[in-house]
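Heads up, the thing below is written out as structure tokens.
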Amino acid sequence: MKVAKEWRFGSMGDTKILPGSRHRSPLKRPIWIILMVSFVSLFLVCAYIYPPNGDVACYVFSSRGCKVLTDWLPPPKRELTDEEIISRVVVRDILDTPPVESKNPKIAFMFLTPGSLPFEKLWDMFFSGNEGRFSVYIHASKEKPVHVSPYFLNREIHSSPVTWGAFSMVDAERRLLAYALKDPDNLHFVLLSDSCIPLHNFDYVYNYLMHANMSFIDCFVDPGPHGNGRYSTRMLPEVEEKDFRKGAQPFADGKNCIADEHYLPTFFNLVDPGGITNWSVTRVDWSERKWHPKSYRAQDVTYDLLRNFTVHSIPYNKTLGEELLQPCIWNGTRRPCYLFARKFYPETLDKLVTLLNF
């Protein structure tokens, strides 16, 4: 009869032992279980790194679609590119740089328009006699403008096509700002569309802006589907949802205008939240609760209409639509909220020239 031998460390002798019972080792699980666990783990890791986009792929996870999967997955983080790191350093250095005292401070008026400006005659009256106190920049996205005012001649910058509501709108805004920043005497920057008009004379606007200690940026939290509902984790790590803001920018117009409604408000909320007023100096009427603001025809333009635009308070509970007002405080003093207004049809030009009479 054969016997089993046991090997002992440090001993060369043979020792007789009884054979052990014949049973499966607890470490030898069925291999299909190991394979199944490995496959499921790999599947979940791939789903996290490469989230499904198509409807069919989404419903593999749940009959409720992709949102169920993304609800429990942590937001993906990514490393900043070299260009993003450099730009952050540059922005930080710019914000830390003390303001330069200009001997000839100017306001940069930046127009975004498809072509010719329908209110150029009105703006000519506004600028007249104030040479050296302003700069004009025009981004014409579709065709070269035909000018009627010498203040607008040869003021077009390099322009690219703009799709209203797309990020090309933000690119156009940044291009205008880049050109305006080339002139160190430009201390204030006003973004305007082709449907904007001035409400006060140049001296009033100049003193209002030059002596203000804030930037006039419309900026608020909108928890609804057309506010924070537009937030995407693709904005990480630059923008977290808690920092996402909305504002009625001078170029926003229509239900698809997303990028420029959020870009500047979110940017200023991140870099200088204490330096903005949370209201814009451009008056726009959203009271009709439509996808676009109220537009004014020739028959709508009256002295009373323009006078009503020079109010000293603005609605502040925009997300709930309540008639709650807050005063517009300018350097500690209550002043009119708006310097400009939109949205006017070209047919209103003659009436506006007569009524404003700068």
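Heavy atoms only: backbone and side chains are in, while hydrogens, waters and symmetry mates are out. Treat the numbers as computed from the prediction; the structure is a model and nothing was measured.
- For the side chain to side chain donor-acceptor pair (under 3.5 Å) with Lys106, the qualifying choice from Asp185, Asn130, Asp183 is Asp183, the only one to do so.
- Cluster annotation: Tyr179 and Phe189 are assigned to the same hydrophobic cluster (Ile/Leu/Val/Met/Phe/Trp/Tyr, side-chain heavy-atom contacts under 4.5 Å, transitive).
- Note on ring orientation: taking the six-membered ring where Trp is involved, the planes of Tyr151 and Phe127 are perpendicular (angle over 60°, cut-offs 30° and 60°).
- Summarising the geometry of Glu120 relative to Ser149, their closest heavy-atom pair is OE2-N, 2.9 Å, with the distance given to 0.1 Å.
- Closest approach of Arg342 to Ser193, counting heavy atoms only: CD-OG, 4.2 Å.
- For the pair Ser116 and Thr113, the tightest heavy-atom approach, listed with the atom from each and the gap, is O-OG1, 3.7 Å.
- Between Arg133 and Asp203 there is a salt bridge, since a side-chain N of the basic residue sits under 4.0 Å from a carboxylate O of the acidic one.
- Under the 4.5 Å side-chain heavy-atom criterion for grouping Ile, Leu, Val, Met, Phe, Trp and Tyr, Leu122 is connected to Tyr204 within one hydrophobic cluster.
- Hydrophobic clustering places Phe309 together with Phe358 (ILVMFWY residues linked when any side-chain heavy atoms are closer than 4.5 Å, directly or through intermediates).
- Minimum heavy-atom separation, Pro145 to His147: CB-CE1, 3.6 Å.
- The only option from Val301, Asp194, Leu349, Asp300 that meets the side-chain contact (heavy atoms from CB on, under 4.5 Å) definition with Phe344 turns out to be Val301.
- Under a cut-off of 6.0 angstrom, the local environment of OH in Tyr303 is sparse, with at most 12 non-hydrogen atoms contributed by other residues, nucleotides or ligands.
- Across Glu347 and Ala298, no two heavy atoms sit closer than the pair OE2-N, 3.0 Å.
- Under a 4.0 Å N-O distance rule, the pair Lys121/Asp124 does not qualify as a salt bridge.
- Counting heavy atoms from C-beta outward, Phe109 and Leu192 have side chains that approach closer than 4.5 Å.
- The closest donor-acceptor contact from the side chain of Thr333 to the backbone of Ile329 lies at 3.5 Å or more, if one exists at all.
- Taken together through direct or relayed side-chain contacts under 4.5 Å among Ile, Leu, Val, Met, Phe, Trp and Tyr, Met210 and Phe216 form part of one hydrophobic cluster.
- Following chains of ILVMFWY side-chain contacts shorter than 4.5 Å, one can reach Phe119 starting from Leu355, so the two form part of one hydrophobic cluster.
- The distance between the ring centers of Phe111 and Phe152 falls below 6.0 angstrom.
- Looking at Trp279, its side chain does come within 3.5 Å of a backbone N or O of Cys337 through a donor-acceptor pair.
- Side-chain contact check for Pro198 versus Leu339: every heavy-atom pair is 4.5 Å or farther apart.
- In this structure, Trp123 and Phe126 have perpendicular ring planes: the angle between them is above 60°, well past the 30° mark.
- Smallest separation of non-hydrogen atoms from Ile138 and Ser159: O-OG, 4.3 Å.
- Annotation: the span from Ile197 atom CD1 to Leu356 atom CG amounts to 5.5 Å, rounded to 0.5 Å.
- Side-chain contact of Arg175 with His158: a donor-acceptor pair under 3.5 Å is absent, judged by distance alone.
- Note that the CG atom of Leu177 and the NE2 atom of His139 stand 11.5 Å from one another [nearest 0.5 Å].
- Judged by distance alone, the side chains of Tyr137 and Asn186 do bring a donor and an acceptor atom under 3.5 Å apart.
- Proximity of Phe340 to Arg283: side-chain heavy atoms (C-beta onward) are nowhere separated by under 4.5 Å.
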